[in-house]
*Asks:* 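This is the structure, below, for whatever I ask next.
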Amino acid sequence: MSHTPLTQRPVWTELKSLYANLKDETLRQLFAADPQRGERMSLEACGVYLDYSKHRIDASSLSALLRLAADCDLQQHIEAMFTGQKINSTEQRAVLHTALRAPASKAILVDGENVVPLVHHVLARMSAFSDQVRSGAWKGHTGKRIRNIVNIGIGGSDLGPVMAYEALKHYSQRDLTMRFVANVDATDFVEATQDLDPAETLFIISSKTFTTLETMTNAHSARAWLIAKLKDQAAVAKHFVAVSTNAEAVTKFGIDSANMFGFWDWVGGRYSMDSAIGLSTMLAIGPQGFKEMLGGFHAMDEHFRTAPLAQNMPVIMALLTIWYSDFFAAETVAILPYDQYLKRFPAYLQQLAMESNGKQTTQDGAAVDYNTSPIYWGEPGTNGQHSFYQLIHQGTRLIPCDFIAFTEPLNKLGTHHEQLLANVFAQAEALAFGKTSAEVAAEGTKPWLVPHRTFSGNRPSSMLLVDRLTPRSLGTLIALYEHSVFTQGVIWNIDSFDQWGVELGKVLAQRIVPELSRSNDAPLTHDSSTNALIRRYLRRRAGAHPPS
Ligand code: F6P
């Protein structure tokens, strides 16, 4: 594979000059020049319709972006991922979340072993367990059935499960209460459990490594809470299950390996919601729903692997992100789902994209001289319209938006859905075409007010339109973003599957923990700011609550 630095490739230079030509062209002009643009610049795959016509792009820049992808050997990188090559180079691991949704008939080899039967074995165990809990056959220590499920995990072991639970609540078994605890702040655990009967509560300790400080702290508190209330150590067996790759640590914690659901080091934390980390999702929607979700993921995997680049939805979305990040210097992408059930989708995508592509070192160890991942953020529509959309419409920054909407509502009520869809279509229209000062003046607006009421427009957005939010369509949408993030990483020539940037803070926190509970006044050896903060905490604690 070619290793010419990205910004030294002729196609990159070509893109720079195409940007210079296009940057002053407006979406009004682009649409006027091509009456078919709205239909032409759209794609349909696996039940997802993508309208990318409201982007500041034309045939030449799109064609150059596609050539950039080809020049970066994207297709070979896709094959390398799907066939289990160790593309996570800094950790020397395969990256095979796609194997988690592969049909049982497929063979995918990691170090000579077909991993697909392993995946289906765990799925079968998860299904049997879920059926037992959902039917009430699984009894707690006192003989009561389980009515509450608390997933304890953080990062990929939380954001995927909580997002999927919220997204698929419509399909969930409503007599099961689902809670999610992530933060090491005790409030998270205390508030999640304060109204729960321990005799009816099952904890899922979800941690790939089973060493994460937050999760282990919460897991120990959960065990203490349960034992204190049920007054029997043996209760742990019926009230705790684990999802992890670390069987040894799970057993050491006191969870029977029969109650552990495994996965593998070739599943990254932020790519794990369709592994056993999705146990809470399966408990909520049932094994059949989970299977449908995997089917949605797989359909998008196949599309990504086989569609030509110009018709490849994750590729097109990734190229647009690169176009704005590296040529327009856009700093963020707004994720704006027009569906209340997707309220945690932006938070989920934050980890997926920013932990994957928030990197500054290339695969070859050089410093990048271009922007990598933009900042992902967002809130469901229409709420955001009455909060931060002002800045997207009239602020000084360029913020490409991803609108996500469904043609069919899951909850039919009066004209709510027509209003919801009218709003999402209107927002994309307003952002793209704005309102000129002449149009504002023609409405009889007082001249001094005209500049304030003028919308410059030319603000780009994608529209993802899906028929209905189902387990399948959710899986499809997630895989779409996974592969878009992958494509960005390939072009930026970074390792999208490590996360060294989270390590330093973890190590420093471990060093500070004992310093916050000490009673001696040995000198602190941090910088003067950190030392002062620690000393202030110790003084306040000593004053407010004498150490017990
Ligand atoms: O600290 C970052 C991280 O490693 C994420 O990548 C991961 O999803 C999260 O922590 C949780 O890790 P684990 O599942 O091992 O507890």
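Order of appearance sets the numbers: ligands from 1, and atoms from 1 within every ligand. Every value quoted in this text rests on a predicted model; they were computed, and no experiment measured them.
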*Asks:* Using only heavy-atom distances, determine whether the side chains of S496 and N357 contain a donor-acceptor pair under 3.5 Å.
*Replies:* yes

*Asks:* Could you check whether any heavy atom of E214 sits closer than 4.0 Å to an atom of ligand 1, since that is the contact criterion I want to use?
*Replies:* no

*Asks:* Please check if any side-chain donor atom of N246 sits under 3.5 Å from a side-chain acceptor atom of E248, or the reverse.
*Replies:*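 Absent: no donor and acceptor within the cut-off.
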
*Asks:* Within 45° of the ring axis of F497 and under 6.0 Å from its six-membered ring centre, is that where the NZ or CZ of R93 lies?
*Replies:* no

*Asks:* Taking atom 13 (P) of ligand 1 as the reference point, report whether a protein heavy atom occurs under 4.0 Å from it.
*Replies:*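 Under 4.0 Å from atom 13 (P) of ligand 1, at least one protein heavy atom found.
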
*Asks:* Nearest to atom 8 (O) of ligand 1, what protein heavy atom do you find, and at what distance?
*Replies:*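 Nearest neighbour among protein heavy atoms for atom 8 (O) of ligand 1, to 0.1 Å: G156 N, 2.7 Å.
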
*Asks:* Starting from atom 6 (O) of ligand 1, locate the nearest protein heavy atom and write down its residue, its atom name and how far away it is, to 0.1 Å.
*Replies:* E355 OE1, 2.8 Å

*Asks:* At less than 4.0 angstrom from any non-hydrogen atom of V502, what atoms of ligand 1 do you find?
*Replies:* 1 (O), 2 (C)

*Asks:* Distance only, no hydrogens: is a donor on one side chain within 3.5 Å (strictly under) of an acceptor on the other, for D197 and N148?
*Replies:*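 No, because no side-chain N or O of D197 sits under 3.5 Å from a partner of the opposite role on N148.
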
*Asks:* Taking heavy atoms and a distance under 4.0 Å, where does T209 meet ligand 1: side chain, backbone, both or neither?
*Replies:* both

*Asks:* How far is atom 4 (O) of ligand 1 from its nearest protein heavy atom, and which residue and atom is that?
*Replies:*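 Its nearest protein heavy-atom neighbour is K506 NZ, 4.0 Å.
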
*Asks:* Would you say K208 has any N or O atom under 3.5 Å from an N or O of ligand 1, going by distance alone?
*Replies:* yes

*Asks:* If only side-chain N and O atoms count, and only distance matters, is there a donor-acceptor pair under 3.5 Å linking S473 with R468?
*Replies:* no

*Asks:* In this structure, are over 12 heavy atoms from other groups packed under 6.0 Å from E331 atom CD?
*Replies:*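 No, because the 6.0 Å sphere around CD of E331 holds 12 heavy atoms or fewer from other groups.
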
*Asks:* Which atoms of ligand 1 sit under 4.0 Å from any heavy atom of T212?
*Replies:*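 In order of numbering, the contacting atoms are 12 (O), 13 (P), 15 (O), 16 (O).
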
*Asks:* Is it the case that N371 and S325 place a side-chain donor and acceptor less than 3.5 Å from each other?
*Replies:*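 There is no such pair between these side chains.
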
*Asks:* Is any N or O atom of S206, backbone or side chain, closer than 3.5 Å to an N or O atom of ligand 1?
*Replies:* no

*Asks:* Checking S130 against S127: is there a side-chain donor and acceptor pair closer than 3.5 Å?
*Replies:*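 No, S130 and S127 have no side-chain donor paired with an acceptor closer than 3.5 Å.
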
*Asks:* Around atom 11 (C) of ligand 1, find the nearest protein heavy atom and jot down its residue, atom name and distance.
*Replies:* I154 O, 3.2 Å

*Asks:* Does E503 reach ligand 1, in the sense of a heavy atom lying below 4.0 Å from it?
*Replies:*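 The answer is no, since E503 has no heavy atom less than 4.0 Å from ligand 1.
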
